[in-house]
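So the structure is just underneath, and the comments pick up after that.
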Amino acid sequence: MADDTPGIIDKTEERGSLTDRLAAFTRARETFDWEKVRAEFEGLSGGGFNIAHEAVDRHATGSLADNVAIRWLSKTGASLDITYADLKHRVDRFAGALKSLGLGKGDPVYVLADRIPELYVTAMAVFKIGGVFCPMFAAFGPEPIKQRMSIGGARALVTTDRLYRRKVADIRADLTTLDHVILVGDENGNRDGLPENTHNFHAISESAVPVTDCARTAPGDPAILHFTSGTTGTPKGAVHVHEAALAHYATAKYALDLRADDIFWCTADPGWVTGTSYGIIAPLTVGATMIVDQQEFEGQRWYGTLQDEKVSVWYTAPTAIRMLMKLEDDLPKRFDLSHLRFVASVGEPLNPEAVRWGVEILDKVIHDNWWQTETGGIMIANAASLPVKPGSMGLPVPGIDAAIIEHAEDGPLTFLSDPEAEGELALRAGWPSMFRMYLGQEERYAKCFRDGWYLTGDLARCDEDGYFWFVGRADDVIKSAGHLIGPFEVESALVEHPAVVEAAVIGIPDEVSGEIVKAYVTVRKGYEKDDALRRDLLAHARKRLGPAIAPRQIEFRDSLPKTRSGKIMRRLLKARELGLAEGDTSTLETFE
């Protein structure tokens, strides 16, 4: 399959027809067995399984002991290398500290911090004692922090002295289950105003008796608690278990082409599920070296990190890619990116224009993939061994069965087999990283499953080659004059215009059509946000999409509302447009 075949981008080393390579991928899927993956891990005696043992202990006591597990880059530019042996030492010490405070199996331990080494040590220490690790974004305000800690019954919080005094001190009395607060960064000894059971992270680690052996956790024991935004105003707490690491490990290899000798950089914050699944667990279980950059996005720094750290596998988000696209095209040419072998993206669908930019500017295909907080790991991906169809989600990874069903609130499932038929994306239940509950919302959890399938709430279609294509969230799809319009298709067409950086599309009520399409766009520097540009964009969209699908209205914005993981919040745009309740906005970036 040639690189210039319409609709296909193919820069893999291995050549061959699409048919042959799809057949090989299908064979890999057919012979895949989760038990074979389990056999690649040591496990605990007696059939137990613990993430900390598989991600740290088995490497620290084996051939990878002296390999760098974490290379931490501080905001100031200083760096710190932590080998697998050193990581185990730190984890064992802090696990001992947690045990000394009476914490153990099943106890929720929350973290509120930016990307500092202590966050990663805490995650593994909590797994080691059999606790439940719950990361939060450092940018959260007091109310989202209180809400999440109350829902999960937090027993301990690890945070920094600065964040504690700014965001937690005033709500601590309201957190009735919180027994201990552990602070990083209060080494100056200023304990003024700190109540009893407030501890110094490094002091209690140094004085603790190390815990060298992992708790006897079963594969299905709770290990991770992630919160996902809800439309009702209440975040949902999705619980994942220790055996989720099997999926993190396997999908890192199949979907990210990750190997033990790679330098891996996942740019996601651990407050987002990607930052835990693939920013902590996956690279450590594989035995790779992971880059952790404390600094937020800055284009020149990012290119410098890719160059200086010789990153070979890079996992980032569409928002970050679009931010890089806004910079001058010759910027990446100033850096040596020759070590970069594989680039992947997740968070929301990657527009075809961004895929083409990657080929033109980075000389790399950006491999989009799809999954959710609830799935815990990558489900559908543009794999390294296959050509990329720009704009597609890719194919289900080995171990995952996906189907398109007729979207319905109840009744038996109707599977849609016709290529290009649009319906709800469903996954056959039972993969290891599948969430096991929504905390305190049993009925809501049960509604996610029917006839042995998990109903994702996303609308998609599947083409004749088995590639899946995202249409939109079921509640985002626009019904206009008998047409079902997916926002992503319209947004992608608008982004192809040279003036447009980002676009978001919603449906607004119309007496004649039921709904009409309205688009919000941000524009590049050098373009005037005036009626002439608006008319040009409307004409461009009509030419690309046809008058039935193209937007009728376009509004210019300086920014679009996004979660901190980079996902555009269309429901918030619609709520503000129509004066509706905004729901849970705790994961929202600053937006006016």
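Owing to the predicted nature of the structure, the values given are computational and were not obtained by experimental measurement. Excluded from the calculations below are hydrogen atoms, water molecules and symmetry mates; all remaining heavy atoms, backbone and side chain alike, are included.
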Next on the checklist: Would K562 and E502 count as a salt bridge (charged side-chain N to carboxylate O under 4.0 Å, His left out) here? Give the steps.
Outcome noted: CA-CA 11 Å; K562 301 186 191 75; E502 289 185 308; 3.0 Å; yes

Checklist entry - Given M379 and Q372, is the side chain to side chain contact (heavy atoms under 4.5 Å, CB included) satisfied, shown in steps? => result CA-CA 9 Å; M379 300 285 102; Q372 299 175 324; over 6 Å; no

Checklist entry - Please walk me through it: do L413 and L455 pass side chain to side chain contact (heavy atoms under 4.5 Å, CB included)? => result CA-CA 10 Å; L413 298 182; L455 310 182; 4.1 Å; yes

Next on the checklist: Pair V313, W265 - check side chain to side chain contact (heavy atoms under 4.5 Å, CB included), show working.
Outcome noted: CA-CA 6 Å; V313 179; W265 186 22; over 6 Å; no

Checklist entry - Should V343 and V365 be marked as a side chain to side chain contact (heavy atoms under 4.5 Å, CB included) after you check the CA-CA gap, both sets of side-chain angles, and the distance that decides it? => result CA-CA 7 Å; V343 183; V365 181; over 6 Å; no

Next on the checklist: Could you walk me through whether T251 and Y278 satisfy the side-chain hydrogen bond (donor to acceptor under 3.5 Å, both in side chains) test, starting with their C-alpha distance in whole Å, then the side-chain angles of each, then the deciding distance to 0.1 Å, before giving a yes or no?
Outcome noted: CA-CA 10 Å; T251 55; Y278 297 95; 2.5 Å; yes

Next on the checklist: One pair to check against salt bridge (charged side-chain N to carboxylate O under 4.0 Å, His left out): E296 and R115. What are the steps and the verdict?
Outcome noted: CA-CA 10 Å; E296 297 301 326; R115 292 180 291 272; 3.4 Å; yes

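When all heavy atoms are compared, the tightest approach of A113 to L163 is CA-CD1, 3.9 Å. Minimum heavy-atom separation, Y467 to S392: CD2-OG, 3.6 Å. In plain terms, the two heavy atoms of L578 and P509 that are nearest each other are CD2-CD, 3.6 Å. The shortest heavy-atom contact between A320 and W302 is CB-CZ3, 3.6 Å. Nearest heavy atoms, L425 versus A402: CD1-CB, 4.1 Å. Here the closest non-hydrogen pair linking M136 and F140 is CB-CD1, 3.8 Å.
The number of heavy-atom neighbours closer than 6.0 Å to CD of E298, taken from other residues, nucleotides and ligands shown, is above 12. Atom CD of E464 sits in a crowded spot, with more than 12 heavy atoms from other residues, nucleotides or ligands closer than 6.0 Å. Annotation: D330, atom CG; neighbour count of heavy atoms from other residues, nucleotides and ligands within 6.0 Å is above 12.
In this structure, the side chains of I506 and R576 stay at 4.5 Å or more apart for every pair of heavy atoms. Contact check for V346 versus I378: no side-chain heavy atoms found under the 4.5 Å cut-off. Within the 4.5 Å cutoff, no side-chain heavy atoms of M290 are placed close to those of C266. Looking at W453 and I405, their side chains never come closer than 4.5 Å, going by heavy atoms from C-beta outward. Contact of the F137 side chain with the P144 side chain is not registered, since no non-hydrogen atoms from C-beta on lie closer than 4.5 Å. Side chains of F25 and L395 form a contact here, defined as non-hydrogen atoms less than 4.5 Å apart. Counting heavy atoms from C-beta outward, Q300 and L331 have side chains that approach closer than 4.5 Å. In this structure, the side chains of Q147 and P235 come closer than 4.5 Å at one or more pairs of heavy atoms.
A salt bridge (charged side-chain N to carboxylate O under 4.0 Å, His left out) with E328 holds for exactly one of R524, K525, R334; it is R334.
Atom CD1 in I361 sits 13.0 Å away from atom CD1 in I321 (nearest 0.5 Å). Rounding to the nearest 0.5 Å places NZ of K529 at 8.5 Å from CZ of F556. Summarising the geometry, atom CD belonging to E555 is positioned 5.5 Å from atom OH belonging to Y520; distances are rounded to the nearest 0.5 Å. In this structure, F470 CZ and D368 CG are separated by 10.5 Å, a value rounded to the nearest 0.5 Å. Here D293 contributes atom CG and T267 contributes atom OG1; the two are 9.5 Å apart, rounded to the nearest 0.5 Å. Taking CG from L350 and CZ from R322, the interatomic distance works out to 7.5 Å, rounded to the nearest 0.5 Å.
Of the possible polar contacts, one joining the R29 side chain to the V397 backbone as a donor-acceptor pair under 3.5 Å is found. Put simply, the side chain of E424 gets close to the backbone of G457: a donor and an acceptor are under 3.5 Å apart. No donor-acceptor pair under 3.5 Å is formed between the side chain of K167 and the backbone N or O of I145. Of the possible donor and acceptor atoms, one in the side chain of D463 sits under 3.5 Å from a partner among the backbone N and O of D465. At distances below 3.5 Å, not a single donor-acceptor pair connects side-chain atoms of R21 with backbone N or O atoms of T19. A distance-only check finds no donor-acceptor pair linking the side chain of R544 to the backbone of L494 [under 3.5 Å]. Formation of a donor-acceptor pair under 3.5 Å by the H248 side chain with backbone atoms of G376 is found in this model. With hydrogens and angles ignored, the 3.5 Å screen pairs a side-chain donor or acceptor of S433 with a backbone N or O of T375. The closest donor-acceptor contact from the side chain of D269 to the backbone of W272 lies at 3.5 Å or more, if one exists at all. Here the side chain of K326 pairs no donor or acceptor atom with the backbone of V501 at under 3.5 angstrom.
Below 30°, between 30° and 60°, or above 60°: for H240 and F435 the angle between ring planes is between 30° and 60°, a tilted geometry. A tilted orientation is assigned to the rings of F449 and Y445, their planes being inclined by 30° to 60°.
Checked for salt-bridge contact, K574 and E577 miss the test: no charged N lies under 4.0 Å from a carboxylate O. Taking a cutoff of 4.0 Å between a charged side-chain nitrogen and a carboxylate oxygen, K518 and D510 do not qualify as a salt bridge. Salt bridge E491/R570: present, at least one basic N to carboxylate O contact under 4.0 Å.
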